Number of protein chains: 2
Amino acid sequence: MDKIVGTSLASEAFDRVVEAIISGEFEPGQKISEADLARRLGISRGPVREALHRLEGRLVSRVPRIGVRVIKFGSHELRQLFYLREALEGMAARLAAEFAPDDFVEELESLLHRDSAEIAQSGQSVYRQRSADEDFHSAIAGASNCENIQRILLNEVYYQLRIHRLRSSQKPGRADQALKEHFEIIAQLKARNPAAAEEAMRAHVRAARESSLADLS
Amino acid sequence: MDKIVGTSLASEAFDRVVEAIISGEFEPGQKISEADLARRLGISRGPVREALHRLEGRLVSRVPRIGVRVIKFGSHELRQLFYLREALEGMAARLAAEFAPDDFVEELESLLHRDSAEIAQSGQSVYRQRSADEDFHSAIAGASNCENIQRILLNEVYYQLRIHRLRSSQKPGRADQALKEHFEIIAQLKARNPAAAEEAMRAHVRAARESSLADLS
DNA sequence: GCTCCGGCAACTGTCAACAGTTTACCGAAA
DNA sequence: TTTCGGTAAACTGTTGACAGTTGCCGGAGC
């Protein structure tokens with residue numbers, strides 16, 4: 001049985017602020033006041049302060065004696081984020097190909113086939129980011145069995161990525177291509193070829209980078 | 001001119017705790033009490049609490065309602081840390097080969113030559129970790145011009161690495177080999193060959209990993 | 001002798017208040 | 001009209017106190 005864990009006001013505040021930033025309620029560059037946020041959430045400044053500290057370097061930047069601001073997310077930051085993704089997800093794919101149990105890989109493949117069918121029949125060309133694409137990458141991060149990499153991807157990279165995704169539309173046709181690349185990654189995972197799996201993932205991230213940067217400009 | 005920045009009690013407490021953990025004053029697995037630490041530092045619990053939160057996932061692990069413990073660092077954690085290093089430092093080397101200015105690379109090379117001479121004449125075989133090896137890797141992280149990667153390496157990876165280094169001696173002969181590998185990396189940086197620079201760095205990290213794991217057991 | 005339960009001490013999570021600094025506004029002088 | 005200076009409000013950094021929970025220790029019961 002799973003223990004009920006860690007529901008503190010600070011965690012609650014953390015989740016609420018993340019949601020507010022990702023959803024766009026807090027705009028990039030906007031200053032967040034501890035006191036104001038505490039009043040709005042109906043709690044004291046202590047937990048709010050803690051939540052904002054946990055977001056430092058992830059979704060907000062902090063200047064001593066001034067306060068915290070929602071990070072701005074231009075092409076420069078986006079490019080750096082994709083470099084980080086390429087390195088981490090590439091390694092995650094390599095480790096997954098090497099160590100992930102067979103049933104994990106098979107489940108991932110069936111999940112991908114289901115998404116594929118769903119996209120084909122609904123005719124939507126955007127490969128719903130929230131569920132499909134992100135789940136795929138999260139699953140591989142989990143399959144890497146490397147807590148460090150998993151933590152950074154889930155708690156830092158994907159948060160920042162969602163800020164960008166909310167604010168930019170995807171190039172038509174990218175969805176189909178992304179799906180193909182996902183299948184290529186799966187193929188290399190099944191083949192238990194670590195080097196090829198890593199390279200497939202890195203190529204996929206690079207393609208996504210170029211597509212995103214093109215969308216931005 | 002650089003502004004005098006961020007001397008808060010929390011930052012001070014953060015540095016002190018990091019030093020205490022890295023130096024071995026706080027042993028792995030040991031519980032750290034907020035109140036006790038605050039008393040010892042002569043400050044209130046607020047800044048201490050903030051400092052411990054910033055260390056979460058880096059040098060301490062935290063359990064709700066229980067407290068924080070210094071992370072334990074076995075072969076499993078060490079292996080994962082080196083996977084992360086391989087991914088991040090490999091990418092950092094790639095970016096450095098691609099974008100770092102020429103004088104930066106040249107300065108790095110002269111620094112390496114100086115270290116080399118120093119080691120040769122002093123006859124010490126351990127390549128003083130604190131200054132030489134770490135500086136080299138930090139410099140490449142800086143040369144990557146990628147704030148994300150730089151931040152993770154400096155604030156997370158190298159901290160954890162120092163915990164391990166303090167507690168294990170280095171295999172004899174590893175120092176010379178490491179120095180050779182460093183020169184190989186520099187050579188690829190000068191040649192402006194991103195792929196080769198990345199691979200050289202990754203090979204270097206892999207070699208360090210095997211050496212460290214051998215030392216541990 | 002071993003197990004289980006109750007009370008106590010210590011600790012974490014949270015709150016409200018204080019002190020020093022930054023920011024914004026407003027009026028006066030050039 | 002613009003710029004400079006001063007004052008006041010707001011905010012961050014810090015502190016001490018309070019409440020609920022956890023873990024430990026000793027004693028009672030089997």
Side-chain angles (χ1 to χ4, degrees), chain A residues 1-21 25-72 155, chain B residues 1-21 25-72 155:
Chain A
M1 217 193 315
D2 283 5
K3 192 178 174 184
I4 297 176
V5 76
T7 299
S8 64
L9 290 182
S11 301
E12 199 72 24
F14 181 87
D15 293 339
R16 296 284 285 276
V17 174
V18 167
E19 193 58 36
I21 292 177
E25 189 177 339
F26 290 159
E27 294 185 11
Q30 179 181 343
K31 186 170 178 305
I32 301 181
S33 156
E34 290 179 9
D36 181 52
L37 187 57
R39 275 191 297 272
R40 237 189 286 183
L41 293 177
I43 59 179
S44 167
R45 271 181 56 217
V48 170
R49 194 177 164 78
E50 185 179 321
L52 291 180
H53 271 287
R54 272 170 39 190
L55 282 170
E56 186 179 344
R58 295 170 169 79
L59 292 180
V60 306
S61 66
R62 137 180 295 267
V63 182
R65 293 258 164 221
I66 305 292
V68 301
R69 291 187 172 283
V70 180
I71 57 169
K72 283 187 181 173
N155 294 335
Chain B
M1 213 192 324
D2 283 6
K3 194 176 174 183
I4 296 176
V5 76
T7 300
S8 64
L9 292 182
S11 302
E12 199 71 24
F14 181 86
D15 293 339
R16 296 284 284 275
V17 174
V18 167
E19 194 57 34
I21 293 178
E25 190 176 338
F26 290 160
E27 293 185 13
Q30 180 181 343
K31 186 170 177 306
I32 300 180
S33 157
E34 289 180 6
D36 181 51
L37 187 58
R39 274 192 298 271
R40 234 188 289 184
L41 294 177
I43 58 177
S44 166
R45 270 182 56 219
V48 170
R49 194 178 165 79
E50 185 180 320
L52 291 179
H53 272 287
R54 269 165 52 185
L55 283 169
E56 185 178 345
R58 294 168 170 80
L59 292 180
V60 306
S61 65
R62 134 179 297 269
V63 182
R65 291 263 164 217
I66 304 294
V68 302
R69 290 186 173 282
V70 180
I71 58 168
K72 283 187 181 172
N155 294 335

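What you are looking at is a predicted structure, and each value in this text was computed from that prediction instead of being measured. Naming convention: chains lettered A, B, ... in sequence-line order (proteins, then strands); numbering from 1 in each chain. In what follows, every heavy atom counts, from backbone to side chain, and hydrogens, waters and symmetry copies are set aside.
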Atom CZ of A/Phe14 and atom C1' of C/dG13: how far apart are they, to the nearest Å? 18 Å

Base, sugar-phosphate alone, or nothing: which one does B/Gly46 contact when heavy atoms must sit under 4.0 Å apart? base

Using residues 25-32 of chain B as the side-chain source, report each donor-acceptor pair under 3.5 Å to any protein atom, sequence neighbours left out, with the distance given to one decimal.
residue: B/Gln30; atom: OE1; partner: B/Glu27; partner atom: N; Å: 2.9

Could you pull out all residues at least two apart from A/Leu9 that satisfy side-chain contact (heavy atoms from CB on, under 4.5 Å)? A/Ile43, A/Pro47

Sorted by chain and number, sequence neighbours left out, side-chain contact (heavy atoms from CB on, under 4.5 Å) with B/Arg16 holds for B/Leu41

B/Leu9 CG - C/dA19 P separation (whole Å): 16 Å

Using whole Å, what does the distance between atom P of nucleotide D/dT12 and atom CZ of A/Arg69 come to? 11 Å

Between C1' on C/dT14 and CG on A/Leu37, what's the gap in Å once rounded to a whole number? 16 Å

Are any of the side-chain heavy atoms of B/Ser33 and B/Arg45 separated by less than 4.5 Å? no

Round to a whole Å and report the spacing from NE2 of A/His53 to C1' of C/dT14. 16 Å

Side chain to side chain donor-acceptor pair (under 3.5 Å) partners of A/Asp36, counting only residues at least two apart: A/Arg40

Report the residues that fulfil salt bridge (Lys or Arg N to Asp or Glu O under 4.0 Å) with A/Glu56, sequence neighbours left out, ordered by chain and then residue number. A/Arg62

What pairs of nitrogen or oxygen atoms, one from the protein and one from nucleotides 8-12 of chain C, lie under 3.5 Å apart?
residue: C/dT12; atom: OP1; partner: B/Glu34; partner atom: N; Å: 3.4
residue: C/dT12; atom: OP2; partner: B/Glu34; partner atom: N; Å: 3.3

How close or far is atom P of D/dG13 from atom CZ of B/Arg54, stated in whole angstroms? 11 Å

